[in-house]
Colleague: 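One structure is given below, represented as structure tokens, and several questions about it will come after.
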Amino acid sequence: MKAAKREFVLDGLDCSNCAKKIENGVKSIDGVDGCDVNFAASTITVSAGGKDEQWMKDEVAKKVKTIDPHVTVRSKHDKKTGGDVYLKKLRMMMARLAAGAILAAIAYFVHAGAVLEFLLFFASYLIIGGDIAARAAKNIVRGQVFDEHFLMALATIGAFIIHQYPEGVAVMLFYQIGELFQGAAVNRSRKSISALLDIRPEYANLKTEEGITAVSPQEVKAGQVIVVNPGERIPLDGKVLSGSSMVDTSALTGESVPKKAAPGQDVMAGFMNQNGVLHIETSKGYEDSAVSKILDLVENAGSRKAKTENFITKFAKYYTPAVVIVAVLLAFLPPLLVPSAALSDWVYRALIFLVISCPCALVVSIPLGFFGGIGAASKAGVLVKGSNYLEALNQVAYAVFDKTGTLTKGNFAVTDIKPAEGFTKDRLLYSAALAEIHSNHPIAASIREAYGKPLAAEKIDDYEEIPGHGIRAKAGGSTILAGNKKLMEKEQIAFSKGEDAGTVVYIAIDQQYAGAIVIADEIKEDAKQAIASLKALGVKRTMMLTGDSKQTGEAVGRALGIDDVYAELLPEDKVQRIEELEAKLSPNEKLMFVGDGINDTPVLARADIGVAMGALGSDAAVEAADVVLMTDQPSKTAEAIRIARRTRRIVWQNIGFALGVKIIFLLLGALGFATMWEAVFSDVGVTLIAVANAMRVMRVKIG
């Protein structure tokens, strides 16, 4: 039985270590097949064969309660618990910290004897950090020793053992305050990312015989009519039946200039209607709509982690135990080896060492940095399906493009009709249009449009598409061949090769060459800019793979400044060419392929980074791709690389800053120049600065 998969929200999750513990804990539940916690998105995805959603939610909630009581579990479609609960918890924590601080101040300033002083400081410690010590003890019992709770409990209890009561209490107080700030920073970061993706429609105005009813978008089926008023977001993909308006497409495409929606035009879910009433016939259900796919892609992108994220997770796993071992050696080796070394002095240094060692700054800020980068790309109209692909975009050395629909508009028009001897233009065009009657290729559509008269499909007795060649059709007792020169050569038909700039469709009737139809395509406005921008970003080679004729491909390549053009390729030839190119890459270089059609699906899947056109591209191409361009603008590839590089720069700033500060303070602590106060800054302060820096990733200009 296929495992049922459900996603839940973890409200109150602001600890990256807790996220890992929750993931491991839920995986251990009997009946659960798999689990993935996305800390940046604060979600948990659970797979359990034969189990319903309620069972999963109950089991996950029970397990989460034992690991982190502050975290609550809810279904994605449930509304978040009101802010009053959060404020109540916040007030309780602040009251605790205030009471503990007052008690500690009394103990510090009122000298009431050693025993009473200890009791006052210890009571203050329990009020402020008793929950941290208790959580550390529980984790030790479960075998989960090395985390921030263990480090803080060990350091502060150690301070009490060596009679440093004020510092033990102070460290726990500032740690708890830092945790409050860190939680607020993480939540603010998440809200900023959510704001970028605030495109989920809340309702749809469904038109029925009884009138117009506001319903959930999930209830509307394909083929039904919805009404979108000014100021409302279009809830489902469809075609405008009546009305006209300007629509803001920036939420999906990143384009700030509104576009006109008129009868007959396609519109997508997530567009904002600005000034007119639109009646729209839906073409897809909500689950298949553009807005649903975008939200699903972005929200699940965190499950595909970048190498840097995986490295930091592994680093933290080994780093913390290593620091604890070093701290133990620091505490006891010098007193054993150096006669003048005082045990209490070196134990104090070791405790400072422990406080500094917590890797929170890295394990919190780095997932937020990558998730913010994915959100920023989405705001610019570029969907990246995982942080691993976002990171890979930094290494693009070869940028390879399909031609039709990718660099050119795919708006074909017949520019010349060249009948062979014995045939007329009308007969040639009619035969070609009849042969192409069942094809949905833009070239076929342009031929039918040029013919301009009704065609009877029942006249076709037999029809066959020959991939990479063309079409064979039987009509009225004649066999019509329509395709490229490969088709003529394959059928051994003598024909005259044209030197026309454009796509040439050769026609043969009953194995006799009947003539050629020349079709021209228009280059996209930003295609030249796309190639120039990629070269400016340091991409080594730009290439074009096309099934079109060599002369057409080379003409487009020259116009755009593309380095290499490979023409007259079948789908399997494109895959082979991609494999040949990838073999030339060094280990740190990646190949990016950009395409739009269903015939590009194998290449998109084979390339290191497959980029699909999302607006006009086929569903198969979008599904196979790693990156989707919602505007069908090739220049967005350069934008994606720029955002990827900005994300990497900020992530590595955080890594360098966090490790640099920690190394400095670890050395100062070991040499006796740092106190517990500096240690707390090194832990909490660095985390807050790193999280704030990670939030900069989301600042992206739209236009």
Side-chain angles (χ1 to χ4, degrees), residues 9-19 21-22 39 42 61 64-74 80-108 120-139 147-157 159-160 165-191 355 358 360-361 363-365 368 676-677 679-692:
V9 179
L10 299 172
D11 289 324
L13 181 67
D14 52 21
C15 162
S16 55
N17 266 331
C18 298
K21 287 176 194 169
I22 288 170
F39 172 69
S42 197
V64 169
K65 197 75 176 171
T66 64
I67 296 169
D68 192 339
H70 302 294
V71 177
T72 56
V73 180
R74 65 178 169 90
K80 187 175 180 178
T81 309
D84 293 341
V85 176
Y86 171 76
L87 287 174
K88 191 176 178 182
K89 287 180 181 177
L90 183 64
R91 289 190 191 112
M92 283 181 65
M93 175 58 76
M94 291 179 73
R96 268 178 52 196
L97 297 183
I102 291 167
L103 202 58
I106 292 169
Y108 186 78
L120 287 170
F121 272 120
F122 190 64
S124 169
Y125 177 82
L126 289 177
I127 292 169
I128 293 169
D131 58 330
I132 300 295
R135 212 179 295 178
K138 284 180 184 176
N139 289 339
D147 63 9
E148 72 275 15
H149 300 132
F150 169 76
L151 293 174
M152 286 300 154
L154 182 60
T156 50
I157 292 169
F160 269 81
Y165 310 139
E167 293 203 8
V169 173
V171 166
M172 189 58 81
L173 174 64
F174 286 114
Y175 173 74
Q176 290 280 46
I177 292 171
E179 287 291 289
L180 288 178
F181 278 117
Q182 181 180 305
V186 169
N187 287 329
R188 186 181 170 197
S189 177
R190 285 184 181 138
K191 284 178 182 175
V355 174
C358 185
C360 285
V363 293
V364 171
S365 67
L368 285 176
M676 286 278 191
W677 309 93
V680 170
F681 167 76
S682 172
D683 175 39
V684 175
V686 169
T687 302
L688 293 175
I689 293 169
V691 169

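Please read these numbers as outputs of a predicted model, since none were measured by experiment.
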Colleague: Nearest 0.5 Å please: distance from the NZ atom of Lys138 over to the OG1 atom of Thr66.
Modeller: 8.5 Å

Colleague: Which atom names give the shortest non-hydrogen contact between Ala133 and Tyr125, and what distance separates them?
Modeller: CB-OH, 4.3 Å

Colleague: Compare every heavy atom of Ala136 with every heavy atom of Ala153, then report the nearest pair and how far apart it is.
Modeller: CB-CB, 3.9 Å

Colleague: Rounded to the nearest 0.5 Å, how far apart are CG of Leu97 and CD1 of Ile102?
Modeller: 11.0 Å

Colleague: For Val73 and Ala61, work out which heavy atoms get closest and say how close.
Modeller: CG2-CA, 3.8 Å

Colleague: Taking Ala159's backbone N and O only, do any of them form a donor-acceptor pair with Glu167's side chain (distance below 3.5 Å, no angle check)?
Modeller: no

Colleague: Which of these, Leu103, Ile127, Ile128, sits in a side chain to side chain contact (heavy atoms under 4.5 Å, CB included) with Val169?
Modeller: Ile128

Colleague: Testing the basics here: between Ser124 and Gly100, what is the closest heavy-atom pair and its distance to 0.1 Å?
Modeller: OG-O, 2.6 Å

Colleague: Would the number of heavy atoms belonging to other residues, nucleotides or ligands and lying under 6.0 Å from CZ of Phe122 be above 12?
Modeller: no

Colleague: Kindly give the heavy-atom pair with the smallest separation between Ala104 and Phe121, and that separation in Å.
Modeller: O-CE2, 3.6 Å

